[in-house]
Number of protein chains: 2
Amino acid sequence: MEAAADDDVGSRDHVGSLERGLAVMEILAHHPEGMTLTEMAEEAGLTRAGARRFLLTLAATGYATQSGRLFSLSPRLLTVARTWLGGASLWTFAAPIMREVAAKFDEACNAAVLSGEDVVYVARIPGRRILSVALDVGTRLPAYCTSMGRVLLSGLPADELKTFLADATIERRTPKTIIGRAALGKAIDKARADGFAIVDEELELGLRSIAVPIADRAGRTVAAINLSTQSARFSVEAMERDILPVLRRAKERVEEFFFV
Amino acid sequence: MEAAADDDVGSRDHVGSLERGLAVMEILAHHPEGMTLTEMAEEAGLTRAGARRFLLTLAATGYATQSGRLFSLSPRLLTVARTWLGGASLWTFAAPIMREVAAKFDEACNAAVLSGEDVVYVARIPGRRILSVALDVGTRLPAYCTSMGRVLLSGLPADELKTFLADATIERRTPKTIIGRAALGKAIDKARADGFAIVDEELELGLRSIAVPIADRAGRTVAAINLSTQSARFSVEAMERDILPVLRRAKERVEEFFFV
DNA sequence: AACATATGTTCGCAATGCGAACTTTTCTGA
DNA sequence: TCAGAAAAGTTCGCATTGCGAACATATGTT
């Protein structure tokens with residue numbers, strides 16, 4: 001049973017019964033086969049009378065069901081969760097997370113999905129610095145030379161990636177653009193192995209970005225988030241050292257919104 | 001806000017604070033954009049001080065987050081739900097529901113999925129009456145002449161159903177078996193339009209069954225449940241009048257365990 | 001049937017959560 | 001920028017709510 005933040009427990013702003021009731025609900029979640037009153041009392045550290053009250057209240061409110069001596073969760077929790085998730089898009093939920101990332105580094109934090117040979121921006125938290133590339137939700141950029149594109153491509157099935165590498169339109173945009181298809185394949189493989197990609201002035205001189213993939217519960221890469229910076233601000237090394245851990249944490253938090 | 005069962009509210013076995021806290025959580029679920037304290041107090045029918053306590057407790061326990069004046073749910077609810085669902089199979093959760101159906105009619109209630117040209121039994125609640133067909137989890141029966149097969153086939157994409165109708169092994173098992181491929185196609189179309197299928201002595205004389213499809217949140221038919229009876233017990237008309245509503249209710253309850 | 005175990009019930013009581021009132025902060029419009 | 005309105009935060013007396021111990025009943029096991 002996870003403890004609440006310590007400094008709130010003794011406070012008059014705290015409802016201990018709610019906390020204990022939620023803990024009982026969580027214990028039920030760990031026991032889909034059902035639990036008896038005595039088992040719950042032991043596991044929750046409550047008296048039988050106390051555990052019984054919480055179980056009966058969860059049953060009365062529809063969160064649990066009682067069958068003989070066994071209490072178990074009901075699908076109401078799913079209904080509530082579904083209502084919540086269905087009320088807004090993933091990127092609405094992700095926005096506060098991305099906002100924290102953007103604010104921490106004062107740079108733009110973006111999200112994109114793969115569409116054909118492009119990435120399409122699906123969310124964008126501007127930084128305070130002006131980047132020359134005008135970006136907004138809906139903007140398309142070529143996948144091959146963008147950090148988000150690189151990690152998205154790394155999540156493609158092998159045959160699809162092979163087709164992409166064979167067929168994609170690949171042009172030199174800066175002296176640093178990787179235009180060799182074999183070298184690009186290697187860069188994508190590296191992104192897959194690393195779990196991130198840094199694109200260093202391949203799209204545009206002065207522009208450097210780092211991206212991580214967003215995977216659903218089945219492990220499929222469905223989106224990417226990145227931080228775009230002016231290359232004068234962060235070296236490649238600093239990106240990996242300073243930005244990557246933050247971006248990874250954001251990735252994990254966004255992924256919590258995927259259910260299956 | 002849904003009321004708890006009235007006869008529990010005044011009881012000493014009831015924890016009102018838990019109930020009110022869960023109600024606050026549900027209201028948050030309807031407001032993914034976040035809510036202020038005053039909005040919550042109004043909607044929950046609480047004083048500001050009361051609403052504030054519940055919100056702060058939900059935040060302290062990790063179920064909600066506070067950003068300035070806005071409170072919103074956190075993904076912890078998803079984590080709990082995921083833990084619960086991940087701890088057992090769908091058919092474990094469905095078993096009590098199917099057991100109620102079986103007990104109501106004293107007949108076997110079964111669940112199956114489509115596998116190739118067959119249905120495979122994935123769950124089975126026996127009735128008290130002995131049916132001559134020995135069935136157990138894992139049993140395969142031909143899809144074309146079973147009620148569950150019929151509704152499962154009705155959920156196939158058109159091209160797959162066309163292939164099935166063209167290629168499937170179809171044999172006469174009783175004088176009532178539909179063996180004409182066009183007629184079978186029509187029966188499957190009828191199952192799709194009706195949302196259920198009755199198979200009347202097509203598999204075996206003396207055996208009649210009625211099935212409904214189980215669909216996931218995207219509307220894809222992924223399984224079926226049925227009630228198998230001796231044909232002497234229930235006429236086709238009685239099945240549709242008496243069993244179908246019960247089976248439909250069970251379908252709805254089982255479908256609540258699908259998240260997306 | 002006897003016994004052990006688990007659950008249900010009761011009720012005195014104290015602690016927990018209540019809300020009203022006051023204070024502080026934030027927002028809005030001129 | 002300032003004044004006023006609105007919203008949120010804080011305090012604390014108090015009553016009601018939830019507590020647990022003890023007893024009663026039901027269920028399971030040998």
Side-chain angles (χ1 to χ4, degrees), chain A residues 1 3-28 31 33-61 63-73 96 99, chain B residues 1 3-28 31 33-61 63-73 96 99:
Chain A
M1 194 189 336
D6 283 348
D7 54 2
D8 288 317
V9 175
S11 154
R12 289 179 153 203
D13 290 336
H14 194 73
V15 183
S17 293
L18 174 57
E19 181 185 12
R20 289 192 291 279
L22 291 170
V24 166
M25 185 176 76
E26 286 196 38
I27 291 168
L28 284 177
H31 293 273
E33 76 285 356
M35 298 179 84
T36 65
L37 167 63
T38 303
E39 288 167 346
M40 175 58 79
E42 280 171 14
E43 189 154 344
L46 299 168
T47 61
R48 284 191 303 99
R52 186 164 176 276
R53 281 196 198 92
F54 288 116
L55 288 169
L56 290 177
T57 302
L58 288 173
T61 51
Y63 283 86
T65 57
Q66 182 181 7
S67 178
R69 295 185 159 188
L70 285 190
F71 290 88
S72 44
L73 277 187
R99 203 165 286 126
Chain B
M1 192 189 335
D6 283 347
D7 54 1
D8 289 316
V9 175
S11 155
R12 288 179 155 202
D13 290 334
H14 194 74
V15 184
S17 293
L18 173 58
E19 181 186 11
R20 287 192 292 278
L22 291 170
V24 166
M25 185 176 75
E26 286 195 36
I27 290 167
L28 284 178
H31 292 272
E33 75 286 354
M35 298 178 85
T36 64
L37 167 63
T38 304
E39 288 167 347
M40 175 57 79
E42 280 172 11
E43 189 155 343
L46 298 168
T47 60
R48 285 192 301 102
R52 187 166 177 274
R53 280 195 198 90
F54 287 117
L55 288 169
L56 289 178
T57 302
L58 288 172
T61 51
Y63 283 86
T65 57
Q66 181 181 8
S67 177
R69 294 183 160 191
L70 286 189
F71 291 87
S72 45
L73 278 186
R99 204 167 284 126

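Everything numeric here is computed off the predicted structure, so don't read it as measured data. Letters A, B, ... mirror the listed sequences (proteins, then strands); counts begin at 1.
- The CD atom of A:E39 sits 9 Å away from the P atom of C:dA6 (whole-angstrom rounding).
- To the nearest 0.5 angstrom, A:F71 atom CZ is 9.0 Å from A:M40 atom CE.
- Checked by atom type and distance alone, the side chain of B:Q66 pairs as donor or acceptor with a backbone atom of B:G68 at under 3.5 Å.
- The phosphate of D:dT10 has OP1 or OP2 within less than 4.0 Å of a side-chain N or O from B:R52.
- OP1 or OP2 of C:dG19 has not a single side-chain nitrogen or oxygen of A:R12 nearer than 4.0 Å.
- Nucleotide D:dG18 holds its P atom 13 Å from the CZ atom of B:R53, rounded to whole Å.
- Going from atom CG of B:L70 over to atom C1' of C:dT25 covers 16 Å, rounded to whole Å.
- Put simply, CG on B:L37 is 15 Å from P on C:dT26, counting in whole angstrom units.
- A close approach under 4.0 Å does occur between a side-chain nitrogen or oxygen of B:S17 and OP1 or OP2 of D:dG18.
- Nucleotide D:dC19 holds its P atom 12 Å from the NE2 atom of B:H14, rounded to whole Å.
- Contact record, B:L70 with B:E33: CD1-O, 3.8 Å, taken as the closest heavy-atom pair.
- Across the protein-nucleic acid pair, B:L46 atom CG and D:dT17 atom P stand 13 Å apart, rounded to whole Å.
- Side-chain atoms of B:T61 do not come within 3.5 Å of backbone N or O of A:E19 as any donor-acceptor pair.
- In this structure, A:F71 reaches neither bases nor backbone, as no heavy-atom distance under 4.0 Å exists between it and the strands shown.
- With rounding to whole Å, B:F54 atom CZ is found 10 Å from C:dC18 atom C1'.
- The side chain of B:T38 contributes an N or O atom lying less than 4.0 Å from OP1 or OP2 of D:dA8.
- As rounded to whole Å, 16 Å separates atom P of D:dG18 from atom CD of A:E19.
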Check against side chain to side chain contact (heavy atoms under 4.5 Å, CB included), A:H31 and A:E39: CA-CA 10 Å; A:H31 293 273; A:E39 288 167 346; over 6 Å; no

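- The nearest heavy atom of DNA chain C to A:R20 and to A:R48 marks one nucleotide each, and the one closer to the 5' end goes with A:R48.
- Nearest-nucleotide assignment on DNA chain C puts the 5′-proximal partner with A:R69, out of A:R69 and B:T47.
- Listed nucleotides: D:dC19, D:dA21, C:dG8. Nearest to the side chain of A:A49: D:dA21.
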